[in-house]
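Everything below concerns the one structure shown next.
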Amino acid sequence: MKKNEYSIYVFLAAILVQVAVLALFAYHKELSIRSGTKIIVEAIPQDPRSIFRGDYIRLSYEFSQINLNEVLHNKDNFYRGQEVFVKLSSIGDNWKPAQISDSLLTSDKEDELIISGVVEEAYPGKSVNVIYGIESYFVPEGKGRYLEKQILQHNVQVKLSIDKRGEASVCKIFIDGHEVNFR
Amino acid sequence: MHDEHHPKRKLHGLFARWLDSQLNAWRKADILNASEEERIRTFYDWPQTAQAKSSPLPFIVVLQAIGVLLIGAGIISLIAFNWIKLENLAKFGIILCGLVLIYCTAFLVLRRKSNLQKTGVSLILLGNLLYGGGIWLLAQMYHIHCTFSEGVFLWALGVIPFAYAVKSRLNYYMAIALFIMWVLAESGGSHPPQAVFLFIILGLLIPLSYDLRDKKGLAFCIVTAAAWLVISTVFWFRGGFSVEFFIPLLLYGILLLAVSNLHLGPSLRIYRGIYFDAGVAILAIVFFLVPIFGALARGLQVLMSPGAYRSFWVYSASLCIATLVCRESSARTSLDTRGKLINRLIPYFFVATSYILFVPSAKPSFLANLFPLVLVAFMHWHYSRSRLLLNFVLLYFAFCLPASLADFHQTLLVFILYLICGIFCYMLGWFYVARFDAREEAGLLKILGLLLMFFSLFIFSFSSVAGHFYRNFKFSRSFDFWLIFICFYAAILFFRHKLSTFVYPAYKRGLLREESCLISILPFAPLMLLINFRHHPADFWYTFLVNVFYLGVLIGYITAGYRRNQTYLRVIAFLFLILVVVSRYFELEWSLLYKAVLFISTGVFILAAGIIIEKNKTKVVVIEEE
């Protein structure tokens with residue numbers, strides 16, 4: 001390698017690519033969370049670990065497994081990896097799935113929301129397992145196991161933010177109505 | 001003598017590296033001394049890269065890379081620790097500032113410190129690791145349940161521009177490592193693998209491989225792309241297995257061969273072998289696997305969804321079009337023999353692929369699955385007159401067909417087929433010697449034939465196994481079995497006829513008397529065994545005669561091995577001799593009396609043979625040296 005062989009412009013462009021990827025990533029999520037409608041839903045947690053990101057609680061929701069016999073659906077055969085839209089209806093304090101479709105759904109009602117996800121597993125004519133990207137809640141090292149014990153005996157709720165495109169983000173986690181704060 | 005003022009002769013990369021390696025070799029062999037080597041080196045104008053290529057990765061780079069990797073692992077662990085006390089903005093700021101700081105330092109070091117170039121590159125590597133850590137930090141901050149593959153893809157996307165910017169192979173290898181990680185992670189994701197991501201990474205990495213003249217990196221890219229294709233096909237076929245699973249991979253192999261024809265120019269020729277070898281390897285694997293999995297063919301209905309069905313056709317059509325474009329482009333250039341052969345074979349590859357795809361899955365016979373393989377091998381021979389592929393196909397048939405037809409209630413028939421196939425391979429080897437004097441090809445065929453033959457006879461030599469065969473014996477009703485049996489047996493009789501006169505000393509490379517005798521007798525062994533199991537129980541006489549026959553065959557080959565001074569023949573026959581003696585000794589079903597009779601008679605026979613050889617030592621001819 002020779003000295004002065006490097007172009008400052010190419011080098012700057014390479015730095016810009018990395019900074020832009022990180023900044024766009026953060027900006028997109030921040031915008032989605034700030035502009036989204038906030039709802040609180042019941043969750044069923046588990047406790048795995050990510051090698052890069054540390055401890056996290058894996059969350060599952062009532063609308064993660066959709067029984068096709070109980071909701072409106074535009075087809076019987078969904079397939080793994082397919083993008084779907086689920087209409088959530090507010091029933092009492094909880095949000096339940098009301099409709100699933102592979103095309104964009106709309107709703108003007110206040111007690112309805114559209115959330116987008118990807119089919120994880122499909123059982124034709126019976127049920128569909130959907131993931132929404134809100135199945136993880138990261139916690140400080142070692143807290144995962146502690147929380148796991150706590151949440152097995154208590155009611156766990158998650159505050160979600162769902163933007164107008166149906167993209168959901170996890171905001172906060174509550175145990176028996178109290179926000180879990182690790183600070 | 002070379003005039004110092006005479007302009008130096010410019011060397012191209014390929015020749016430079018060749019000459020560089022040769023000079024090193026001559027120097028080691030004391031053909032040249034240090035001053036002569038130096039004079040030759042100064043005679044030429046060496047390209048700068050040639051010297052660098054000779055030492056793949058200097059020690060300092062490796063050492064610094066290890067240090068950087070350790071720091072990177074520390075950063076990632078720090079992120080995984082989840083520093084909850086800090087606000088999101090602060091965490092993000094630390095990562096961004098850290099990145100900019102490291103890259104600015106690296107740039108300044110690279111620009112201003114000519115003696116710290118490797119440190120500069122290592123700093124960039126550190127920045128790349130921090131960038132990866134930043135991606136996972138963001139995912140952690142926003143509790144994103146992103147799959148592993150998406151993060152690795154973004155990581156790779158950020159690393160590749162630096163590999164371009166500094167033309168460093170360290171960064172380039174990191175990008176390739178991330179590419180491989182991404183492809184592997186794709187297998188565990190919920191989202192269907194997206195071709196566009198593959199094209200983005202390949203579109204960036206392959207030109208960089210050419211730019212850095214890195215063949216290994218290019219090979220990794222090609223193979224990883226094949227792995228991606230397999231992973232995405234597995235995703236589509238989640239509903240079940242089908243032989244059509246292989247189609248995209250097959251088309252990819254054909255495309256690689258077509259692309260190899262675009263690498264005939266002097267600067268590109270060094271990459272040709274990579275495409276060619278990868279293409280041949282993929283095609284060979286697929287064509288040899290198709291007949292085995294052909295029996296499982298269930299058609300495209302096992303494609304899991306309309307989306308997958310569409311992807312399957314889009315990928316397949318794209319690969320076909322790309323292949324045809326490459327073929328047409330290369331046809332306009334002056335191709336060499338191999339290039340012409342590839343272009344001629346491409347249509348037949350497509351016919352074979354179409355056959356696998358379109359011929360109904362419920363094939364009338366298992367053997368119908370062999371058509372693509374036979375077609376390609378035959379056309380290869382037709383255009384090149386090389387028997388290489390034909391031989392491979394024949395060996396594949398000999399080894400795989402009996403197993404493919406395995407009926408576990410009728411294992412006898414499988415071993416009868418193996419015996420026939422073994423005799424066929426062995427005699428085909430001799431036929432090649434007699435007809436074409438092709439001793440190298442013949443050697444491989446003879447070894448594999450002997451192994452098959454000896455192994456099958458070994459199985460038949462067990463009284464317990466023979467008893468099992470007898471109790472379950474019934475003639476096969478399988479059309480495939482009888483077709484294979486008749487074809488191979490007819491070929492054996494044909495070779496026997498052709499080899500009957502090919503005898504030493506009339507022919508210098510002819511059969512020895514014992515080999516000629518064995519070749520005359522061996523074809524009857526499978527028939528005799530079949531007839532025996534049809535009519536007689538596997539009693540003492542069966543076991544005794546089969547063992548005597550087997551030992552006679554082994555001793556015959558050991559003798560021939562000594563006379564020819566052929567180690568492989570002696571070793572194989574001797575190993576099986578030990579195996580059969582040990583097996584018989586420990587076989588509980590046989591009484592000690594029978595064992596005694598067998599061992600004494602065989603021992604006497606061997607002793608007599610040894611005495612005869614010893615007495616005629618001067619007459620023992622070494623017919624061919626190994």
Side-chain angles (χ1 to χ4, degrees), chain A residues 1-23 25-26 29-30 32-33 49-56 58-59 77-83 118-122 131-141 143 169-171 173 181-183, chain B residues 48 52 76 79-85 88 92 95-96 99-100 103-104 107 110-114 117-118 121 127-128 131-146 148 151 154 157-162 164-168 189-192 235 238 304-308:
Chain A
M1 235 175 288
K2 269 186 169 179
K3 191 182 157 190
N4 296 336
E5 197 180 301
Y6 315 103
S7 155
I8 189 161
Y9 300 110
V10 181
F11 208 89
L12 276 177
I15 298 175
L16 203 64
V17 167
Q18 291 196 353
V19 172
V21 167
L22 293 177
F25 193 166
K29 281 313 287 184
E30 204 62 45
S32 170
I33 289 171
R49 193 167 203 284
S50 157
I51 52 162
F52 285 122
R53 293 173 289 177
D55 284 9
Y56 69 99
R58 193 183 154 102
L59 302 162
N77 292 325
F78 292 94
Y79 59 89
R80 187 169 172 265
Q82 187 177 22
E83 189 183 14
V118 173
V119 174
E120 190 181 34
E121 215 60 66
I131 51 171
Y132 301 95
I134 48 172
E135 285 76 14
S136 302
Y137 188 82
F138 290 87
V139 296
E141 191 190 20
K143 299 284 183 188
S169 309
V170 177
C171 300
I173 187 163
N181 195 338
F182 296 102
R183 287 168 204 270
Chain B
Q48 285 168 0
I76 290 171
I79 287 162
F81 173 70
N82 195 349
W83 3 310
I84 205 80
K85 295 274 189 289
N88 282 354
F92 188 57
I95 291 284
L96 278 191
L99 269 183
V100 173
Y103 287 139
C104 288
F107 186 73
L110 288 169
R111 288 277 282 219
R112 296 186 181 165
K113 304 281 181 188
S114 56
Q117 296 293 294
K118 292 176 180 68
V121 171
N128 288 337
Y131 163 70
I135 292 170
W136 303 116
L137 174 76
L138 282 173
Q140 186 197 69
M141 273 164 37
Y142 294 106
H143 305 289
I144 298 168
H145 182 73
C146 69
F148 187 59
L154 286 176
L157 207 61
V159 168
I160 294 171
F162 275 98
Y164 270 99
V166 291
K167 297 279 187 291
S168 147
S190 304
H191 294 72
F235 192 94
R238 190 58 69 112
M304 51 171 285
S305 64

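Note: hydrogens, waters and symmetry copies are ignored here, and every other heavy atom, side chains too, is used. All chains are named by letter (A, B, ...) in the order of the sequence lines, taking the proteins before the strands, and each is independently numbered beginning at 1.
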| field | Contacting moiety of A:Leu12, where chain B heavy atoms sit under 4.5 Å | value | neither
| request: Can you spot which of B:Asn128, B:Leu96, B:Val100 makes a side chain to side chain contact (heavy atoms under 4.5 Å, CB included) with A:Gln18? | output: B:Asn128
| What is the minimum heavy-atom distance between A:Ala26 and B:Leu138, and which atoms define it? | CB-CD2, 3.8 Å
| request: Would you check if B:Phe107 and A:Ile15 make a side-chain contact, meaning some heavy-atom pair closer than 4.5 Å? | output: no
| message | Measuring only between side-chain heavy atoms, which start at C-beta, is A:Val17 closer than 4.5 Å to B:Phe162? | response | no
| task | Can you tell which part of A:Leu22 gets under 4.5 Å to a heavy atom of chain B, answering side chain, backbone, both or neither? | result | both
| field | Residues in side chain to side chain contact (heavy atoms under 4.5 Å, CB included) contact with B:Leu157, at least two apart in sequence or another chain | value | B:Phe153, B:Ile200, B:Leu204
| query | What are the two closest heavy atoms between A:Phe11 and B:Val166, and how far apart are they? | reply | CE1-CG1, 3.7 Å
| field | salt bridge (charged side-chain N to carboxylate O under 4.0 Å, His left out) against A:Glu83, all qualifying residues, sequence neighbours excluded | value | none
